[in-house]
There are 2 protein chains.
Amino acid sequence: MERLTFVKVGGKIVEEADSLHALLRDFAAIQGYKVLVHGGGRLATQLAGQLGIESRMVDGRRITDEAMLRIVTMVYGGLVNKTIVAGLQALHVDALGLTGADMNLIRSDKRPVKTLDYGYVGDVKEVNAGLLISLIRQGVVPVLAPLTHDKQGHLLNTNADTIAGEVAKALAGHFEVTLVYCFEKKGVLANENDDESLITALNRYTFRQYVAQGIIQGGMIPKLENAFEAIDAGVKQVLITKASDIHLGTGTRIY
Amino acid sequence: MERLTFVKVGGKIVEEADSLHALLRDFAAIQGYKVLVHGGGRLATQLAGQLGIESRMVDGRRITDEAMLRIVTMVYGGLVNKTIVAGLQALHVDALGLTGADMNLIRSDKRPVKTLDYGYVGDVKEVNAGLLISLIRQGVVPVLAPLTHDKQGHLLNTNADTIAGEVAKALAGHFEVTLVYCFEKKGVLANENDDESLITALNRYTFRQYVAQGIIQGGMIPKLENAFEAIDAGVKQVLITKASDIHLGTGTRIY
(Lines give C-alpha, C1' and ligand atoms only; values in the text may rest on other atoms or scores of the structure.)
Protein backbone atom coordinates (compact mmCIF):
# COMPACT_ATOMS: atom_id res chain seq x y z
CA MET A 1 0.00 0.00 0.00
CA GLU A 2 1.13 3.55 -0.62
CA ARG A 3 2.04 5.81 2.26
CA LEU A 4 -0.13 8.63 3.53
CA THR A 5 0.90 11.05 6.27
CA PHE A 6 -1.73 12.85 8.33
CA VAL A 7 -0.41 15.91 10.14
CA LYS A 8 -2.45 17.61 12.84
CA VAL A 9 -1.28 21.04 13.94
CA GLY A 10 -2.98 23.49 16.21
CA GLY A 11 -2.12 26.36 18.41
CA LYS A 12 -0.05 29.39 17.65
CA ILE A 13 1.87 27.67 14.87
CA VAL A 14 -0.94 27.98 12.32
CA GLU A 15 -2.07 31.35 13.58
CA GLU A 16 1.04 33.48 13.14
CA ALA A 17 2.42 34.27 9.70
CA ASP A 18 6.09 33.38 10.36
CA SER A 19 5.55 30.09 12.14
CA LEU A 20 2.83 29.11 9.66
CA HIS A 21 5.17 29.69 6.75
CA ALA A 22 7.86 27.52 8.34
CA LEU A 23 5.29 24.80 9.06
CA LEU A 24 4.01 24.81 5.49
CA ARG A 25 7.55 24.48 4.14
CA ASP A 26 8.16 21.49 6.44
CA PHE A 27 4.81 19.99 5.48
CA ALA A 28 5.54 20.49 1.77
CA ALA A 29 8.79 18.53 2.29
CA ILE A 30 6.92 15.39 3.44
CA GLN A 31 7.18 12.70 0.77
CA GLY A 32 4.15 10.83 -0.53
CA TYR A 33 0.44 11.42 -0.03
CA LYS A 34 -0.51 13.73 2.83
CA VAL A 35 -3.32 15.48 4.66
CA LEU A 36 -3.15 18.50 6.98
CA VAL A 37 -5.62 19.02 9.83
CA HIS A 38 -5.56 22.38 11.60
CA GLY A 39 -7.04 24.18 14.58
CA GLY A 40 -7.39 27.89 15.08
CA GLY A 41 -8.80 28.33 18.57
CA ARG A 42 -6.72 31.33 19.58
CA LEU A 43 -7.83 33.31 16.53
CA ALA A 44 -11.45 32.35 17.23
CA THR A 45 -11.10 33.58 20.80
CA GLN A 46 -9.47 36.77 19.56
CA LEU A 47 -12.21 37.51 16.99
CA ALA A 48 -14.90 36.70 19.55
CA GLY A 49 -13.27 39.15 21.95
CA GLN A 50 -13.20 41.88 19.29
CA LEU A 51 -16.93 41.29 18.73
CA GLY A 52 -17.68 41.35 22.45
CA ILE A 53 -18.52 37.64 22.58
CA GLU A 54 -17.21 35.69 25.53
CA SER A 55 -15.26 32.45 24.94
CA ARG A 56 -16.16 29.71 27.41
CA MET A 57 -13.95 26.64 27.60
CA VAL A 58 -14.59 23.50 29.68
CA ASP A 59 -11.75 20.94 29.86
CA GLY A 60 -10.19 22.56 26.80
CA ARG A 61 -13.44 22.25 24.79
CA ARG A 62 -15.20 25.34 23.50
CA ILE A 63 -18.83 25.95 24.43
CA THR A 64 -20.30 26.80 21.02
CA ASP A 65 -23.51 28.82 20.97
CA GLU A 66 -24.89 30.24 17.73
CA ALA A 67 -22.72 33.36 17.81
CA MET A 68 -19.61 31.28 18.50
CA LEU A 69 -20.51 28.84 15.70
CA ARG A 70 -20.50 31.76 13.25
CA ILE A 71 -17.09 32.74 14.54
CA VAL A 72 -15.49 29.31 14.26
CA THR A 73 -17.07 28.88 10.81
CA MET A 74 -15.40 32.13 9.73
CA VAL A 75 -12.07 31.49 11.42
CA TYR A 76 -11.60 27.73 10.91
CA GLY A 77 -13.46 27.29 7.61
CA GLY A 78 -12.44 30.62 6.11
CA LEU A 79 -9.44 32.48 7.49
CA VAL A 80 -7.15 29.70 8.72
CA ASN A 81 -8.15 27.09 6.14
CA LYS A 82 -7.87 29.31 3.07
CA THR A 83 -4.67 31.01 4.26
CA ILE A 84 -3.10 27.55 4.56
CA VAL A 85 -4.45 26.46 1.16
CA ALA A 86 -3.08 29.56 -0.59
CA GLY A 87 0.25 29.16 1.24
CA LEU A 88 0.58 25.51 0.15
CA GLN A 89 -0.37 26.32 -3.44
CA ALA A 90 2.57 28.75 -3.51
CA LEU A 91 4.78 25.79 -2.47
CA HIS A 92 3.43 23.66 -5.35
CA VAL A 93 1.26 21.56 -3.04
CA ASP A 94 -2.16 21.12 -4.65
CA ALA A 95 -4.14 21.87 -1.48
CA LEU A 96 -7.92 21.61 -1.15
CA GLY A 97 -9.57 23.07 1.95
CA LEU A 98 -12.45 21.07 3.38
CA THR A 99 -14.83 21.02 6.31
CA GLY A 100 -16.79 17.89 7.17
CA ALA A 101 -19.79 19.33 5.32
CA ASP A 102 -17.92 19.44 2.01
CA MET A 103 -18.69 16.30 -0.01
CA ASN A 104 -20.41 15.10 3.18
CA LEU A 105 -16.96 14.09 4.40
CA ILE A 106 -17.71 13.93 8.14
CA ARG A 107 -21.19 13.57 9.58
CA SER A 108 -21.58 14.11 13.28
CA ASP A 109 -24.30 14.26 15.90
CA LYS A 110 -24.78 17.30 18.07
CA ARG A 111 -23.42 16.30 21.46
CA PRO A 112 -26.31 15.41 23.78
CA VAL A 113 -26.79 17.64 26.81
CA LYS A 114 -25.88 15.78 29.99
CA THR A 115 -24.55 17.88 32.84
CA LEU A 116 -23.26 20.43 30.38
CA ASP A 117 -24.57 21.86 27.10
CA TYR A 118 -21.62 22.22 24.73
CA GLY A 119 -23.95 23.76 22.14
CA TYR A 120 -23.09 23.26 18.46
CA VAL A 121 -20.40 20.66 19.06
CA GLY A 122 -20.41 17.48 17.00
CA ASP A 123 -19.36 13.93 17.84
CA VAL A 124 -18.18 12.15 14.68
CA LYS A 125 -20.54 9.43 13.44
CA GLU A 126 -19.47 8.70 9.88
CA VAL A 127 -16.58 9.48 7.54
CA ASN A 128 -17.37 9.28 3.81
CA ALA A 129 -13.92 9.06 2.34
CA GLY A 130 -14.61 7.73 -1.17
CA LEU A 131 -14.13 10.97 -3.08
CA LEU A 132 -11.34 12.05 -0.74
CA ILE A 133 -9.36 8.89 -1.51
CA SER A 134 -9.77 9.42 -5.23
CA LEU A 135 -8.65 13.06 -4.92
CA ILE A 136 -5.60 12.10 -2.85
CA ARG A 137 -4.59 9.54 -5.48
CA GLN A 138 -4.84 12.34 -8.07
CA GLY A 139 -2.29 14.38 -6.10
CA VAL A 140 -4.67 16.60 -4.13
CA VAL A 141 -3.62 17.42 -0.55
CA PRO A 142 -6.69 17.88 1.67
CA VAL A 143 -6.54 20.56 4.37
CA LEU A 144 -9.19 19.81 6.98
CA ALA A 145 -10.83 22.41 9.21
CA PRO A 146 -12.27 21.27 12.57
CA LEU A 147 -15.91 21.58 11.51
CA THR A 148 -18.39 18.82 10.73
CA HIS A 149 -22.11 18.79 9.91
CA ASP A 150 -25.20 16.84 10.91
CA LYS A 151 -26.52 16.40 7.32
CA GLN A 152 -29.55 18.40 8.43
CA GLY A 153 -28.13 21.77 7.62
CA HIS A 154 -26.10 22.49 10.75
CA LEU A 155 -22.38 22.93 10.96
CA LEU A 156 -20.86 21.63 14.19
CA ASN A 157 -17.61 22.47 15.95
CA THR A 158 -15.43 19.35 16.30
CA ASN A 159 -12.05 18.88 17.95
CA ALA A 160 -9.21 18.81 15.41
CA ASP A 161 -7.45 15.86 17.10
CA THR A 162 -10.66 13.87 16.73
CA ILE A 163 -11.02 14.84 13.06
CA ALA A 164 -7.44 13.74 12.38
CA GLY A 165 -7.97 10.44 14.20
CA GLU A 166 -11.31 9.59 12.61
CA VAL A 167 -10.34 10.43 9.04
CA ALA A 168 -6.99 8.65 9.46
CA LYS A 169 -8.87 5.52 10.58
CA ALA A 170 -11.24 5.78 7.61
CA LEU A 171 -8.27 5.87 5.21
CA ALA A 172 -6.31 3.12 6.97
CA GLY A 173 -7.72 0.43 4.67
CA HIS A 174 -6.55 2.31 1.59
CA PHE A 175 -3.12 3.64 2.53
CA GLU A 176 -0.32 2.86 4.95
CA VAL A 177 -1.23 5.70 7.30
CA THR A 178 1.10 7.60 9.64
CA LEU A 179 -0.74 9.97 11.92
CA VAL A 180 1.41 12.84 13.21
CA TYR A 181 0.30 14.94 16.17
CA CYS A 182 2.32 18.11 16.56
CA PHE A 183 3.36 18.93 20.05
CA GLU A 184 5.38 21.73 21.68
CA LYS A 185 8.10 19.22 22.72
CA LYS A 186 10.12 16.77 20.62
CA GLY A 187 7.73 13.99 21.63
CA VAL A 188 6.85 12.17 24.86
CA LEU A 189 9.61 12.88 27.37
CA ALA A 190 10.71 10.64 30.24
CA ASN A 191 11.56 13.82 32.13
CA GLU A 192 9.50 16.80 31.09
CA ASN A 193 12.29 19.19 32.06
CA ASP A 194 14.83 17.42 29.87
CA ASP A 195 14.29 17.80 26.14
CA GLU A 196 16.86 15.08 25.51
CA SER A 197 14.85 12.44 27.42
CA LEU A 198 12.71 11.57 24.40
CA ILE A 199 10.92 8.23 24.50
CA THR A 200 11.44 7.18 20.88
CA ALA A 201 8.89 4.37 20.74
CA LEU A 202 5.90 3.13 22.69
CA ASN A 203 3.75 0.06 22.36
CA ARG A 204 0.87 -0.77 24.63
CA TYR A 205 3.11 -2.77 26.95
CA THR A 206 5.83 -0.13 27.44
CA PHE A 207 3.12 2.55 27.69
CA ARG A 208 1.53 0.74 30.66
CA GLN A 209 4.93 0.39 32.29
CA TYR A 210 5.65 4.11 31.96
CA VAL A 211 2.21 4.94 33.36
CA ALA A 212 2.70 2.54 36.29
CA GLN A 213 6.06 4.17 37.02
CA GLY A 214 4.47 7.64 36.93
CA ILE A 215 6.73 8.68 34.04
CA ILE A 216 3.79 9.24 31.68
CA GLN A 217 0.97 11.11 33.41
CA GLY A 218 -1.77 13.73 33.16
CA GLY A 219 -3.14 14.84 29.79
CA MET A 220 -0.63 12.69 27.91
CA ILE A 221 -2.45 9.51 28.98
CA PRO A 222 -5.74 10.09 27.08
CA LYS A 223 -3.73 11.44 24.12
CA LEU A 224 -1.78 8.19 23.95
CA GLU A 225 -4.87 6.08 24.53
CA ASN A 226 -6.38 7.75 21.45
CA ALA A 227 -3.20 6.94 19.57
CA PHE A 228 -3.49 3.22 20.45
CA GLU A 229 -7.12 3.30 19.40
CA ALA A 230 -6.03 4.57 15.98
CA ILE A 231 -3.48 1.74 15.80
CA ASP A 232 -6.21 -0.78 16.66
CA ALA A 233 -8.30 0.66 13.82
CA GLY A 234 -5.55 0.02 11.27
CA VAL A 235 -3.39 3.14 11.38
CA LYS A 236 0.20 1.95 10.89
CA GLN A 237 1.84 4.32 13.36
CA VAL A 238 1.17 7.47 15.32
CA LEU A 239 3.98 9.97 15.77
CA ILE A 240 4.05 12.66 18.46
CA THR A 241 6.59 15.25 17.46
CA LYS A 242 7.56 18.90 17.31
CA ALA A 243 5.99 20.87 14.44
CA SER A 244 9.43 21.71 13.05
CA ASP A 245 10.29 17.98 12.85
CA ILE A 246 7.26 16.73 10.89
CA HIS A 247 9.30 16.12 7.74
CA LEU A 248 12.03 14.26 9.65
CA GLY A 249 9.92 11.41 10.99
CA THR A 250 11.45 11.80 14.46
CA GLY A 251 9.56 11.98 17.77
CA THR A 252 7.75 9.33 19.79
CA ARG A 253 6.53 6.51 17.58
CA ILE A 254 3.40 4.68 18.79
CA TYR A 255 2.83 1.36 17.08
CA MET B 1 -22.95 16.94 -24.32
CA GLU B 2 -24.48 16.87 -20.87
CA ARG B 3 -26.07 19.95 -19.41
CA LEU B 4 -24.52 22.04 -16.67
CA THR B 5 -26.23 25.00 -15.01
CA PHE B 6 -24.18 27.74 -13.38
CA VAL B 7 -26.16 29.88 -10.93
CA LYS B 8 -24.75 33.12 -9.61
CA VAL B 9 -26.55 34.67 -6.65
CA GLY B 10 -25.53 37.58 -4.55
CA GLY B 11 -27.04 40.14 -2.29
CA LYS B 12 -29.44 39.66 0.54
CA ILE B 13 -30.73 36.34 -0.80
CA VAL B 14 -27.71 34.35 0.38
CA GLU B 15 -27.25 36.35 3.56
CA GLU B 16 -30.58 35.87 5.32
CA ALA B 17 -31.64 32.47 6.61
CA ASP B 18 -35.18 32.41 5.17
CA SER B 19 -34.37 33.59 1.67
CA LEU B 20 -31.26 31.41 1.60
CA HIS B 21 -33.28 28.34 2.47
CA ALA B 22 -35.78 29.08 -0.31
CA LEU B 23 -32.95 29.64 -2.77
CA LEU B 24 -31.25 26.37 -1.86
CA ARG B 25 -34.50 24.48 -2.34
CA ASP B 26 -34.95 26.03 -5.79
CA PHE B 27 -31.31 25.34 -6.63
CA ALA B 28 -31.65 21.73 -5.48
CA ALA B 29 -34.60 21.37 -7.89
CA ILE B 30 -32.45 22.17 -10.93
CA GLN B 31 -31.96 19.04 -13.00
CA GLY B 32 -28.54 17.89 -14.18
CA TYR B 33 -25.06 19.03 -13.27
CA LYS B 34 -24.84 22.37 -11.52
CA VAL B 35 -22.56 24.92 -9.85
CA LEU B 36 -23.46 27.71 -7.43
CA VAL B 37 -21.46 30.95 -7.22
CA HIS B 38 -22.24 33.28 -4.33
CA GLY B 39 -21.43 36.75 -3.03
CA GLY B 40 -21.70 37.97 0.53
CA GLY B 41 -20.80 41.66 0.41
CA ARG B 42 -23.41 42.89 2.86
CA LEU B 43 -22.25 40.46 5.55
CA ALA B 44 -18.64 41.50 4.92
CA THR B 45 -19.60 45.15 5.32
CA GLN B 46 -21.53 44.30 8.48
CA LEU B 47 -18.64 42.36 10.07
CA ALA B 48 -16.19 45.10 9.07
CA GLY B 49 -18.45 47.63 10.76
CA GLN B 50 -18.60 45.56 13.95
CA LEU B 51 -14.79 45.46 13.96
CA GLY B 52 -14.51 49.19 13.34
CA ILE B 53 -13.14 48.74 9.80
CA GLU B 54 -14.50 51.06 7.14
CA SER B 55 -15.85 49.57 3.88
CA ARG B 56 -14.86 51.58 0.83
CA MET B 57 -16.61 50.85 -2.46
CA VAL B 58 -15.78 52.38 -5.86
CA ASP B 59 -18.21 51.63 -8.74
CA GLY B 60 -19.59 48.76 -6.71
CA ARG B 61 -16.11 47.24 -6.21
CA ARG B 62 -14.68 46.83 -2.73
CA ILE B 63 -11.33 48.40 -1.88
CA THR B 64 -9.60 45.47 -0.19
CA ASP B 65 -6.75 46.27 2.16
CA GLU B 66 -5.19 43.62 4.40
CA ALA B 67 -7.81 43.94 7.15
CA MET B 68 -10.64 43.75 4.60
CA LEU B 69 -9.05 40.70 2.93
CA ARG B 70 -9.18 38.88 6.26
CA ILE B 71 -12.84 39.80 6.54
CA VAL B 72 -13.86 38.64 3.06
CA THR B 73 -11.82 35.46 3.56
CA MET B 74 -13.81 34.77 6.73
CA VAL B 75 -17.19 35.79 5.34
CA TYR B 76 -17.03 34.51 1.75
CA GLY B 77 -14.73 31.51 2.23
CA GLY B 78 -16.06 30.54 5.65
CA LEU B 79 -19.45 31.77 6.81
CA VAL B 80 -21.42 32.11 3.57
CA ASN B 81 -19.75 29.27 1.70
CA LYS B 82 -19.97 26.66 4.45
CA THR B 83 -23.50 27.66 5.46
CA ILE B 84 -24.57 27.06 1.85
CA VAL B 85 -22.66 23.77 1.67
CA ALA B 86 -24.27 22.44 4.87
CA GLY B 87 -27.69 23.64 3.68
CA LEU B 88 -27.33 21.85 0.34
CA GLN B 89 -26.10 18.65 1.99
CA ALA B 90 -29.34 18.60 3.99
CA LEU B 91 -31.19 18.72 0.64
CA HIS B 92 -29.18 15.74 -0.67
CA VAL B 93 -27.02 17.90 -2.92
CA ASP B 94 -23.40 16.78 -2.60
CA ALA B 95 -21.96 20.29 -2.29
CA LEU B 96 -18.25 21.13 -2.14
CA GLY B 97 -17.24 24.67 -1.18
CA LEU B 98 -14.27 26.10 -3.04
CA THR B 99 -12.28 29.27 -3.42
CA GLY B 100 -10.03 29.83 -6.39
CA ALA B 101 -7.05 28.75 -4.25
CA ASP B 102 -8.50 25.27 -3.67
CA MET B 103 -7.04 22.83 -6.22
CA ASN B 104 -5.54 25.97 -7.83
CA LEU B 105 -8.93 26.44 -9.50
CA ILE B 106 -8.63 30.15 -10.33
CA ARG B 107 -5.35 31.99 -10.56
CA SER B 108 -5.51 35.75 -10.74
CA ASP B 109 -3.19 38.74 -10.81
CA LYS B 110 -3.43 41.50 -8.24
CA ARG B 111 -5.03 44.37 -10.09
CA PRO B 112 -2.34 46.90 -11.07
CA VAL B 113 -2.59 50.32 -9.48
CA LYS B 114 -3.60 52.93 -12.05
CA THR B 115 -5.56 55.90 -10.78
CA LEU B 116 -6.89 53.79 -7.92
CA ASP B 117 -5.42 51.07 -5.70
CA TYR B 118 -8.07 48.39 -5.22
CA GLY B 119 -5.70 46.51 -2.92
CA TYR B 120 -6.02 42.72 -2.75
CA VAL B 121 -8.34 42.42 -5.74
CA GLY B 122 -7.61 39.81 -8.40
CA ASP B 123 -8.23 39.81 -12.13
CA VAL B 124 -8.72 36.24 -13.33
CA LYS B 125 -5.84 34.88 -15.45
CA GLU B 126 -6.35 31.13 -15.55
CA VAL B 127 -9.01 28.56 -14.66
CA ASN B 128 -7.73 25.02 -13.99
CA ALA B 129 -10.91 23.03 -14.31
CA GLY B 130 -9.60 19.48 -14.79
CA LEU B 131 -10.32 18.16 -11.31
CA LEU B 132 -13.51 20.22 -11.09
CA ILE B 133 -14.88 18.58 -14.24
CA SER B 134 -14.11 15.14 -12.90
CA LEU B 135 -15.80 15.94 -9.57
CA ILE B 136 -18.89 17.34 -11.30
CA ARG B 137 -19.19 14.14 -13.37
CA GLN B 138 -19.05 12.20 -10.07
CA GLY B 139 -22.08 14.12 -8.81
CA VAL B 140 -20.34 16.80 -6.78
CA VAL B 141 -21.92 20.27 -6.86
CA PRO B 142 -19.25 22.97 -6.49
CA VAL B 143 -20.13 26.07 -4.47
CA LEU B 144 -17.73 28.87 -5.42
CA ALA B 145 -16.79 31.77 -3.14
CA PRO B 146 -15.61 35.01 -4.77
CA LEU B 147 -11.96 34.60 -3.81
CA THR B 148 -9.02 33.69 -6.03
CA HIS B 149 -5.27 33.45 -5.45
CA ASP B 150 -2.06 34.50 -7.17
CA LYS B 151 -0.26 31.15 -6.69
CA GLN B 152 2.29 33.05 -4.62
CA GLY B 153 0.47 32.67 -1.33
CA HIS B 154 -1.99 35.55 -1.53
CA LEU B 155 -5.74 35.28 -1.61
CA LEU B 156 -7.44 37.94 -3.73
CA ASN B 157 -10.96 39.31 -3.68
CA THR B 158 -12.67 38.75 -7.04
CA ASN B 159 -16.12 39.74 -8.26
CA ALA B 160 -18.60 36.85 -8.14
CA ASP B 161 -20.10 37.67 -11.58
CA THR B 162 -16.60 37.41 -13.03
CA ILE B 163 -15.94 34.09 -11.29
CA ALA B 164 -19.20 32.68 -12.64
CA GLY B 165 -18.44 33.91 -16.17
CA GLU B 166 -14.82 32.73 -16.25
CA VAL B 167 -15.45 29.27 -14.81
CA ALA B 168 -18.53 28.83 -17.04
CA LYS B 169 -16.37 29.61 -20.08
CA ALA B 170 -13.71 27.13 -18.92
CA LEU B 171 -16.34 24.38 -18.70
CA ALA B 172 -18.06 25.26 -21.98
CA GLY B 173 -15.99 22.75 -23.94
CA HIS B 174 -17.04 19.92 -21.61
CA PHE B 175 -20.72 20.58 -20.92
CA GLU B 176 -23.65 22.34 -22.54
CA VAL B 177 -23.47 25.31 -20.14
CA THR B 178 -26.32 27.58 -19.09
CA LEU B 179 -25.14 30.54 -17.03
CA VAL B 180 -27.85 31.99 -14.79
CA TYR B 181 -27.45 35.43 -13.24
CA CYS B 182 -29.96 36.10 -10.49
CA PHE B 183 -31.56 39.48 -10.55
CA GLU B 184 -34.17 41.28 -8.44
CA LYS B 185 -36.58 41.37 -11.43
CA LYS B 186 -37.92 38.55 -13.61
CA GLY B 187 -35.29 39.40 -16.22
CA VAL B 188 -34.58 42.30 -18.57
CA LEU B 189 -37.72 44.43 -18.75
CA ALA B 190 -38.82 46.60 -21.70
CA ASN B 191 -40.37 48.91 -19.11
CA GLU B 192 -38.67 48.81 -15.74
CA ASN B 193 -41.89 49.76 -13.98
CA ASP B 194 -43.84 46.91 -15.53
CA ASP B 195 -42.88 43.44 -14.32
CA GLU B 196 -44.90 41.92 -17.13
CA SER B 197 -42.79 43.58 -19.83
CA LEU B 198 -40.16 40.82 -19.78
CA ILE B 199 -37.93 40.54 -22.82
CA THR B 200 -37.81 36.77 -23.12
CA ALA B 201 -34.86 36.49 -25.51
CA LEU B 202 -32.00 38.60 -26.75
CA ASN B 203 -29.39 38.02 -29.39
CA ARG B 204 -26.72 40.51 -30.34
CA TYR B 205 -28.92 42.00 -33.04
CA THR B 206 -32.03 42.56 -30.94
CA PHE B 207 -29.83 43.75 -28.05
CA ARG B 208 -28.39 46.52 -30.25
CA GLN B 209 -31.87 47.49 -31.36
CA TYR B 210 -33.10 47.79 -27.74
CA VAL B 211 -30.01 49.85 -26.83
CA ALA B 212 -30.51 52.15 -29.85
CA GLN B 213 -34.14 52.64 -28.82
CA GLY B 214 -33.11 53.48 -25.26
CA ILE B 215 -35.10 50.52 -23.89
CA ILE B 216 -32.01 48.81 -22.48
CA GLN B 217 -29.74 51.28 -20.71
CA GLY B 218 -27.42 51.97 -17.77
CA GLY B 219 -25.83 49.15 -15.82
CA MET B 220 -27.71 46.52 -17.81
CA ILE B 221 -25.59 47.23 -20.91
CA PRO B 222 -22.19 46.02 -19.53
CA LYS B 223 -24.01 43.09 -17.83
CA LEU B 224 -25.39 41.98 -21.18
CA GLU B 225 -22.12 42.63 -22.99
CA ASN B 226 -20.50 40.21 -20.52
CA ALA B 227 -23.25 37.73 -21.31
CA PHE B 228 -22.54 37.92 -25.04
CA GLU B 229 -18.84 37.49 -24.31
CA ALA B 230 -19.68 34.24 -22.49
CA ILE B 231 -21.73 33.13 -25.51
CA ASP B 232 -18.79 33.89 -27.80
CA ALA B 233 -16.60 31.75 -25.54
CA GLY B 234 -18.88 28.74 -25.98
CA VAL B 235 -21.47 29.10 -23.22
CA LYS B 236 -24.76 27.85 -24.71
CA GLN B 237 -27.03 30.44 -23.13
CA VAL B 238 -27.10 33.05 -20.41
CA LEU B 239 -30.27 33.53 -18.42
CA ILE B 240 -31.09 36.63 -16.39
CA THR B 241 -33.85 35.76 -13.97
CA LYS B 242 -35.31 36.17 -10.52
CA ALA B 243 -33.71 34.01 -7.82
CA SER B 244 -37.05 32.30 -7.12
CA ASP B 245 -37.29 31.25 -10.79
CA ILE B 246 -33.89 29.58 -11.24
CA HIS B 247 -35.42 26.09 -11.40
CA LEU B 248 -38.04 27.18 -13.96
CA GLY B 249 -35.70 28.25 -16.74
CA THR B 250 -37.70 31.45 -17.28
CA GLY B 251 -36.30 35.00 -17.59
CA THR B 252 -34.37 36.71 -20.34
CA ARG B 253 -32.48 34.22 -22.48
CA ILE B 254 -29.28 35.52 -24.12
CA TYR B 255 -27.98 33.33 -26.91
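All chains are named by letter (A, B, ...) in the order of the sequence lines, taking the proteins before the strands, and each is independently numbered beginning at 1. The figures that follow rest on heavy atoms only: side chains count, while hydrogens, waters and symmetry mates do not.
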Under 6.0 Å from the [atom1] atom of [X], do we count more than 12 heavy atoms belonging to anything else shown?
X: B/Lys236; atom1: NZ; result: no
X: A/Lys110; atom1: NZ; result: yes
X: A/Lys12; atom1: NZ; result: no
X: A/Glu184; atom1: CD; result: yes
X: A/Arg137; atom1: CZ; result: yes

When [options] are compared by non-hydrogen pairs under 4.5 Å with chain A, the top option:
options: B/Leu69, B/Val93, B/Leu96; answer: B/Leu96
options: B/Val75, B/Asn81, B/Leu135; answer: B/Leu135
options: B/Arg107, B/His21, B/His154, B/Gln50; answer: B/Gln50
options: B/Gly153, B/Ser134, B/Gly87; answer: B/Gly153

Side chain from CB out, backbone as N, CA, C, O: work out which of these in B/Gln138 comes under 4.5 Å of a heavy atom of chain A, or both, or neither.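 B/Gln138 touches chain A through side-chain heavy atoms alone.
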Check each atom of [X] against the heavy atoms of chain B and say whether the ones under 4.5 Å are side chain, backbone, both or neither.
X: A/Ile71; answer: neither
X: A/Gln89; answer: both
X: A/His92; answer: both
X: A/Leu79; answer: both

What residue in A/Gly100, A/Ala95, A/Gly139, A/Gly78 has the most heavy-atom pairs under 4.5 Å with chain B?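 When all of A/Gly100, A/Ala95, A/Gly139, A/Gly78 are compared, A/Gly78 has the most.
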Taking the side chain as everything from C-beta on, heavy atoms only, tell me whether [X] gets closer than 4.5 Å to [Y].
X: A/Arg70; Y: B/Leu43; result: yes
X: A/Leu155; Y: B/Val85; result: no
X: B/Val143; Y: A/Asp102; result: no

A/Asp94 vs B/Leu131, side chain to side chain contact (heavy atoms under 4.5 Å, CB included): CA-CA, chis, key distance, verdict: CA-CA 11 Å; A/Asp94 198 8; B/Leu131 283 166; 3.9 Å; yes
How many angstroms lie between atom NZ of A/Lys82 and atom CG of B/Leu98, to the nearest 0.5 angstrom? 7.0 Å
Measuring from B/Leu91:CG to A/Gln152:CD, what's the distance to the nearest 0.5 Å?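 Between atom CG of B/Leu91 and atom CD of A/Gln152 there are 11.5 Å.
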